[in-house]
Protein chains: 2
Amino acid sequence: MLNRVNLLVMAVAQVRDVAALAGVSPATVSNALNHPAKVSPATLARIQAAIDELGYIRNDAARQLRAGTNDAIGMIVLDIANPFFTDVARGVEDVLIAESRPLILGNSAQEPSRETSYLDLFEQQRMSGVLITPVGDVMDRLRRLRDRGTSVVLVDRMSRAKEFSSVSIDDKMGGRIATEHLLEIGRRRIGFIGGPAGLAQVKTRLAAARAAAEKHGSGEIVFVETETMNAQAGRWGAEQLLELPRTQRPDAVFAANDLVALGVLQALTLAGVRVPDDIAIIGYDDIEFAASAAIPLSSVRQPAQQLGSAAATLLLDVIADPAGSTVKHTTLKPELVIRRSTAGA
Amino acid sequence: MLNRVNLLVMAVAQVRDVAALAGVSPATVSNALNHPAKVSPATLARIQAAIDELGYIRNDAARQLRAGTNDAIGMIVLDIANPFFTDVARGVEDVLIAESRPLILGNSAQEPSRETSYLDLFEQQRMSGVLITPVGDVMDRLRRLRDRGTSVVLVDRMSRAKEFSSVSIDDKMGGRIATEHLLEIGRRRIGFIGGPAGLAQVKTRLAAARAAAEKHGSGEIVFVETETMNAQAGRWGAEQLLELPRTQRPDAVFAANDLVALGVLQALTLAGVRVPDDIAIIGYDDIEFAASAAIPLSSVRQPAQQLGSAAATLLLDVIADPAGSTVKHTTLKPELVIRRSTAGA
DNA sequence: AAGGCGAATTAGAACGATTCAATCGCCGCC
DNA sequence: GGCGGCGATTGAATCGTTCTAATTCGCCTT
């Protein structure tokens, strides 16, 4: 008999209902669920039958309250509309599903306010771990999270202060190889399109591009800062370049990601600029769509899924041993992928 | 003074610590947080100061346990790697953020087992609402969820039994206009690529295509069933078509979504088939990348973000009045977008 | 037959916030 | 001066599960 019955709505079954039906105490039901070895096979079977009959579903809020922690992992991605990040998320998911840990996915959309509200949520929920690609200045928040027992791993961003473990892809190398490639095919004025400038990825790739140009001697970087990094921003960025006087117009574009690159490609084509003859374009990420673009896009391939699974694995390690003395940084290597948009000289 | 202090780790502040610091009772702190009107401005200020000083963050598990419900909304999408679904998710997010309701995003990746495990999670968490585009046969699960007080709205899928409110896009119309367009430009044998066949969207679009072909008289549909709906499946599907004897080879492909269409386009191009001359291609969804494909892709545009916001709005209505007598179905209209992949005759 | 042991089970106290009913203080009014 | 009334505050109970410590029971040993 359920302990509380309403004339219209049957109350949702709880441990005590299951216990009553199986003729045991609530503690035994809890043991059956959480430490089956402690319960005799016969009782186990009776309890299972009772659970099935009543359709019992444990209340996670109560469980978490008692446990003091939530076994879910929170993840905050920069832009859910960018296939690069969905690939990373899939890498994460694969690892977590195997450990049967729920993944809560949040999209900051490059807006600090949204990032903060997800951090609030994760903090209130006492998540056991958080994966984040930060937009705003959240180091204080992350420190607080860690102090409260939530493990933190940075994704695609090295922690400057080396406080947090991180998994990233070598942006310096990526920026360098993309730029060197453009220089090698004879380009000299390179428009770098991306933003905001404060974003770590943008900052590093741009700095590496400038360094490569300087080292080469006759190369030059023109920075066009955008507010976000989608195709629309790319179209806008391309228009800025086209407004420059002929003599200052770049002969190549290095886009901070492929979405921007695709936007640039569209705008240039629309304006009658020949790609790659007049302006070569290289993107970043090598998302699936780069290869099937109108003019197949050269890009700097990032092992996105691998990044995700490495991050998830690392996070699980940190959770298992939060006091683990060492902060680990894993850095994966990007790879140049040459296609038509930078073909020939 | 914190009520429990460890030599090494300062305990996380709780209501009673805040209360003690502010010189009030825990009940007043709770009121300050949840019903500020009930608390005098002076006390409110003191409590706020105490909260800031201690860095108090409320424990959501305790709150939810007491409240009996979680104010978060769960959403299960078919495929996070498909821009169509991320667009839908963004529409949902926009609405929910405005209501400051957390969105928990799960990716079923078209796998019933993953779908089920997210449903388990949402059920255990006593979510107040769930948005789902079902893969497997989950009607029983959804019914149970509803009986337990979680509101359910189906996305991009009409509930056959009309039990649940839903928001969808008219797949019948979409299948028809795509097929009619191919017939109008003179194509007769149309390969329909997508799957699995059980998926509602696939079923409906295919049926509509067949109906349109039949009505026309000389049209014919060849169905190539795939396991999923990504570019790889599209490449595989295209290869199946190419293996057919010349006489049976279609002169057009209707792909169940744009990812598949892009895969088909790649494989056909690689095999030296001219698009659209030899084989025309039309996709479905009109994702952003369709327009910038090697051969810009004709498609059936679906108002994805609008679908998402409509679904979220409807769900909030249902949550506000779960007993609301009427089950509502909103159907949005798709739109034909013609580009080069089906241009000319 | 008494004692001891281990496996299985259980009573009851947490976990931390919220809420209801009850109390407190204070003001104004007769 | 006493009392009604009202806003502000609070004590204690509650949400459902898990864990610790204690109990029960059957069986083996000596």
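So that the names make sense, note that chain A is the first sequence line, chain B the second, and so on, each numbered from 1.
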Tell me yes or no: between the side chains of A/Thr116 and A/Ser113, is some donor less than 3.5 Å from an acceptor?
-> no
Mind checking whether [X] and [Y] have side chains closer than 4.5 Å, heavy atoms only?
| X | Y | result |
| --- | --- | --- |
| B/Leu314 | B/Lys328 | yes |
| B/Val77 | B/Ile132 | no |
| B/Glu115 | B/Gln110 | no |

Would you kindly check whether a donor in the side chain of B/Arg66 faces an acceptor in the base of D/dT14, or vice versa, at under 3.5 angstrom?
-> yes
Would you say [X] reaches [N]'s phosphate, i.e. side-chain N/O to OP1/OP2 under 4.0 Å?
| X | N | answer |
| --- | --- | --- |
| A/Ser40 | C/dT9 | yes |
| B/Tyr56 | C/dG16 | no |
| B/Thr43 | D/dA8 | no |

Side-chain donor or acceptor of [X] paired with backbone N/O of [Y] under 3.5 Å:
| X | Y | answer |
| --- | --- | --- |
| B/Ser108 | B/Arg114 | no |
| B/Arg63 | B/Arg58 | no |
| B/Ser100 | B/Ile97 | no |

When the distance from [atom1] of [X] to [atom2] of [N] is rounded to whole Å, what number comes out?
| X | N | atom1 | atom2 | result |
| --- | --- | --- | --- | --- |
| A/Asn70 | C/dG16 | CG | C1' | 15 Å |
| B/Asn59 | C/dA14 | CG | C1' | 14 Å |
| A/Leu65 | C/dA17 | CG | C1' | 8 Å |
| B/Arg16 | C/dA17 | CZ | C1' | 10 Å |
| A/Lys38 | D/dA21 | NZ | P | 11 Å |
| B/Gln14 | C/dT18 | CD | P | 12 Å |
| B/Leu44 | D/dA8 | CG | P | 11 Å |
| B/Gln125 | D/dG16 | CD | P | 16 Å |

Does the pair A/Asn107 and B/Glu93 meet the rule for a side-chain hydrogen bond (donor to acceptor under 3.5 Å, both in side chains), with working shown?
-> CA-CA 9 Å; A/Asn107 174 27; B/Glu93 252 190 328; 3.3 Å; yes
Of the candidate nucleotides [options], which contains the atom at the shortest distance from the side chain of [X]?
| X | options | answer |
| --- | --- | --- |
| B/Ala62 | D/dG11, C/dT9, C/dA17 | C/dA17 |
| B/Ala27 | D/dT10, C/dT9, D/dA8 | D/dT10 |
| B/Arg63 | D/dT10, C/dG16, C/dA17 | C/dA17 |

Mind running salt bridge (charged side-chain N to carboxylate O under 4.0 Å, His left out) on B/Arg90 and B/Asp87 for me, showing each step along the way?
-> CA-CA 5 Å; B/Arg90 283 197 295 167; B/Asp87 282 351; 2.9 Å; yes
Enumerate the protein-to-nucleotides 22-26 of chain C contacts in which both atoms are nitrogen or oxygen and the separation is below 3.5 Å.
none

Check each residue of residues 28-37 of chain B for a non-hydrogen atom within less than 4.0 Å of any atom in DNA chain C, then write out the ones that pass by number, or none.
->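 Contacts with DNA chain C under 4.0 Å: B/Ser30, B/Asn34, B/His35.
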Map B/Arg126 and B/Arg46 onto DNA chain D by nearest heavy atom, then report which one ends up closer to the 5' terminus.
-> B/Arg46
Answer yes when A/Arg144 and A/Asp147 have at least one side-chain N-carboxylate O distance shorter than 4.0 Å, and no when they do not.
-> no
